Number of protein chains: 2
Amino acid sequence: MKREMVERPYKEVVDVLKRCGLRPTRQRMALAKLLRDAGDCHLTAEELHARAADAGHRISLATIYNALHQFTEAGLVREIVVDSGCSYFDTNVSDHHHFFFEDRRELKDIDHGDVVISAVPEPPEGATVERVDVVIRVRSS
Amino acid sequence: MKREMVERPYKEVVDVLKRCGLRPTRQRMALAKLLRDAGDCHLTAEELHARAADAGHRISLATIYNALHQFTEAGLVREIVVDSGCSYFDTNVSDHHHFFFEDRRELKDIDHGDVVISAVPEPPEGATVERVDVVIRVRSS
DNA sequence: TCAATAGTTTAGAATAATTCTAAACCACTT
DNA sequence: AAGTGGTTTAGAATTATTCTAAACTATTGA
Ligand SMILES: [Mn+2]
Ligand SMILES: [Mn+2]
Ligand SMILES: [Zn+2]
Ligand SMILES: [Zn+2]
C-alpha cells in the first residue's frame with residue numbers, strides 16, 4: 001500500500017510509453033512523468049535535465065536528448081524553434097501559437113482561437129503541410 | 001569611363017552603408033552589393049561566405065557574421081530562425097511569411113496577402129510586438 | 001598630405017548546443 | 001536464468017557562432 005501510493009502515478013506513463021513502442025525504462029519513465037506533471041510549459045533539454053536532477057534522477061544529457069526526440073516523434077511533446085542556439089520542447093501538444101519574449105528568451109502560449117489565420121496558401125506541388133507556426137516576437141518596453 | 005562602368009554599382013551601397021552609420025569598408029561594400037544583387041533569397045552566413053569567395057572576395061567568417069548582424073540591425077536584411085542550428089538572413093525585408101521545406105532546409109517566400117491573420121492577441125502589459133512570424137512547415141511527399 | 005584616432009578585420013581560440021561512439025547496462029522474451 | 005537487442009552513458013566530436021587581441025584602414029583635421 002505504501003509502495004502503491006508512490007508507484008501508481010507511473011502506471012499511466014508506462015502505458016503511454018508502451019503505446020508509443022518505447023520501452024518503459026527507468027529514465028524514460030522519470031522524464032515522461034516529469035513532463036506530464038509539469039503542466040503546459042516550454043523546456044530546453046538543459047532545463048529538463050535540471051528538473052530531473054532536482055527530482056533525484058541522475059540522467060545523462062544524451063539520454064535527455066534521445067528521449068525528447070523520441071517523445072517528439074511520438075507526439076508527446078512538440079519541438080519549437082524560435083531561438084537560434086537552442087530548442088524548446090512544449091508539453092502542450094494541442095494546436096496553439098506563441099509569444100516569444102526576445103529579452104527573456106521565453107515562450108508563452110497563445111490561447112487557441114486568439115490567433116485567426118483566415119487564409120493559408122497552398123503548399124507547392126508535392127509538399128504537404130506539417131504545421132503552421134505563428135510566433136509573435138515581443139520585447140519588454 | 002572604363003572605370004566608371006565597374007565602379008558605379010558600388011555608389012548605391014556606399015550610400016546605404018553611410019546612411020546606416022556604417023563605414024563603407026571593402027568588405028561591407030562587397031557584402032552589401034552581393035546581398036543587393038542576389039534578389040530575394042535566404043542565405044546562411046556560410047552561404048554568403050561562399051558567394052563572397054566566388055566573387056573573389058576573401059572575407060573572414062567573423063566579418064560575415066559581424067556584417068550580417070549590423071545589416072540586420074540596420075534593416076537591410078532580416079534574420080529568420082526556423083532551424084535550430086543555423087540562422088537564415090533574408091534579403092527581402094518586406095512584410096512577408098515563409099514556407100520551410102524541412103527536408104531540404106530551405107525557405108520560400110509567401111506573397112504578402114496570401115497569409116491573412118485576422119486576429120492577433122494583445123501582447124502582455126509592457127511588451128511591444130516586434131514582429132509576427134508565420135512559418136508553414138512542409139515536407140515533400 | 002600626413003598623422004592620429006577610432007572603427008574594422010582577422011586568425012584562431014573559445015563557447016554552447018547537440019550529436020556521436022562504443023562500451024556497459026538492463027528490459028523483455030523464452 | 002540466459003540470451004537478445006534496445007538503452008544508457010561518459011566523454012569525445014561536431015557545428016554554428018562568438019570572442020580575443022593584434023593588425024589594418026577609413027576618416028578627419030592639422
Ligand atoms: Mn537555452
Ligand atoms: Mn546551415
Ligand atoms: Zn506552447
Ligand atoms: Zn523571405
Side-chain angles (χ1 to χ4, degrees), chain A residues 7 10-11 13-32 34 42-50 52-53 56-74 77 79-89 105-107, chain B residues 7 10-11 13-32 34 42-50 52-53 56-74 76-77 79-89 102 105-107:
Chain A
E7 304 263 301
Y10 276 100
K11 177 77 167 59
V13 303
V14 169
D15 290 344
V16 170
L17 290 173
K18 280 183 178 159
R19 224 175 295 125
C20 299
L22 296 169
R23 277 194 191 172
T25 62
R26 193 157 65 273
Q27 295 81 342
R28 290 209 271 236
M29 288 189 290
L31 295 176
L34 277 174
H42 311 93
L43 298 170
T44 64
E46 285 288 358
E47 283 161 1
L48 180 58
H49 189 237
H57 305 287
R58 198 161 47 275
I59 303 177
S60 81
L61 251 187
T63 297
I64 302 277
Y65 277 106
N66 287 342
L68 283 172
H69 289 145
Q70 292 153 351
F71 292 178
T72 299
E73 192 72 17
V77 298
E79 186 173 0
I80 301 183
V81 180
V82 275
D83 190 359
S84 166
C86 81
S87 283
Y88 295 83
F89 293 87
R105 305 177 121 212
E106 256 178 51
L107 285 161
Chain B
E7 305 262 300
Y10 276 101
K11 176 75 167 59
V13 302
V14 170
D15 290 344
V16 169
L17 290 174
K18 281 182 178 161
R19 223 176 297 125
C20 298
L22 296 169
R23 279 194 191 174
T25 62
R26 195 158 64 273
Q27 295 82 340
R28 289 208 273 237
M29 288 189 290
L31 295 176
L34 277 173
H42 311 93
L43 298 171
T44 63
E46 285 287 359
E47 282 161 2
L48 180 56
H49 189 237
H57 305 287
R58 198 160 50 276
I59 302 178
S60 81
L61 250 187
T63 297
I64 303 278
Y65 277 105
N66 287 342
L68 283 171
H69 289 143
Q70 292 153 351
F71 292 179
T72 299
E73 191 73 15
L76 301 179
V77 299
E79 186 171 359
I80 301 184
V81 180
V82 275
D83 190 359
S84 167
C86 80
S87 284
Y88 295 83
F89 294 87
E102 305 212 89
R105 305 179 120 210
E106 256 178 49
L107 286 161

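We use all heavy atoms of the structure for the numbers below, so side chains are in, but hydrogens, waters and symmetry mates are not. All figures in this text were calculated on a predicted structure; none of them were measured in a lab.
- End-to-end axis angle for the helix from C:dT1-D:dA30 to C:dT30-D:dA1, using five pairs per end and rounding to 10°, comes out at 20°.
- Mapping A:L22 and B:L61 onto DNA chain D by nearest heavy atom places A:L22 closer to the 5' end of the strand.
- In this structure, A:D83 places its CG atom 14 Å from P of C:dA16, rounding to the nearest Å.
- A straight line from CG of A:N66 to P of D:dT9 spans 10 Å, rounded to a whole angstrom.
- We find that CD1 of B:I80 is positioned 18 Å from P of D:dA16, with the value rounded to whole Å.
- At whole-Å resolution of the value, CZ in A:R105 and P in C:dA16 are 11 Å apart.
- Here A:S87 reaches the OP1 or OP2 of C:dT18: one of its side-chain N or O atoms lies under 4.0 Å away.
- A straight line from CZ of A:R28 to C1' of D:dT9 spans 14 Å, rounded to a whole angstrom.
- Residue pairs that meet the salt bridge (Lys or Arg N to Asp or Glu O under 4.0 Å) test with at least one member in residues 13-27 of chain B, sequence neighbours left out, are B:K11-B:D15.
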I'd like to know whether A:Y65 forms a side chain to side chain contact (heavy atoms under 4.5 Å, CB included) with A:L48, so could you lay out the CA-CA distance, the side-chain angles of the two residues, the decisive distance to 0.1 Å, and finally the verdict. CA-CA 10 Å; A:Y65 277 106; A:L48 180 58; over 6 Å; no
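- If you take CD1 of B:I64 and P of D:dT18, they are 13 Å apart, rounded to a whole angstrom.
- Under the ring-ring contact (aromatic ring centres under 6.0 Å, His included) criterion, A:H42 pairs with A:H98, not counting sequence neighbours.
- Between the side chain of B:H49 and the main chain of B:A45, no donor-acceptor pair closer than 3.5 Å is present.
- Every residue meeting the salt bridge (charged side-chain N to carboxylate O under 4.0 Å, His left out) condition with A:E106, not counting sequence neighbours, appears here in chain and number order: A:R104.
- In terms of the side chain to side chain contact (heavy atoms under 4.5 Å, CB included) criterion, residue partners of A:Q27 (sequence neighbours excluded) are, by chain and number, A:T25, A:I59, A:T63.
- Contacts of A:E46 classified as salt bridge (charged side-chain N to carboxylate O under 4.0 Å, His left out), with partners at least two apart in sequence or in another chain: none.
- By the side chain to side chain contact (heavy atoms under 4.5 Å, CB included) test, B:A62 is found to be paired with B:S60, residues two or more places apart in sequence or in another chain being considered.
- Partners of B:E47 by side-chain hydrogen bond (donor to acceptor under 3.5 Å, both in side chains), not counting sequence neighbours: none found.
- A:H49 comes within contact range of no nucleotide atom at all, as no heavy-atom separation falls under 4.0 Å.
- Put simply, CD on A:E46 is 8 Å from P on C:dT18, counting in whole angstrom units.
- Residues B:S84 and B:S60 both approach DNA chain C. Their nearest nucleotides, taken by heavy-atom distance, put B:S60 toward the 5′ side.
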Protein-proximity profile, nucleotides 24-30 of chain C, B/S/- by nucleotide at the 4.0 Å heavy-atom cutoff, equals --SBS--
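- Among the nucleotides D:dT9, D:dT17, C:dG12, the one closest to the side chain of B:A62 is C:dG12.
- Here C:dA17 presents its C1' atom at 13 Å from CD of A:E47, a figure rounded to the nearest Å.
- For the pair A:H69 and C:dT18, the criterion of a side-chain N or O lying under 4.0 Å from OP1 or OP2 is not met.
- Residues B:A52 and B:L31 share a closest heavy-atom pair of CB-CD2, 4.2 Å.
- For B:Y65 and D:dT17, the shortest distance from a side-chain N or O to OP1 or OP2 is below 4.0 Å.
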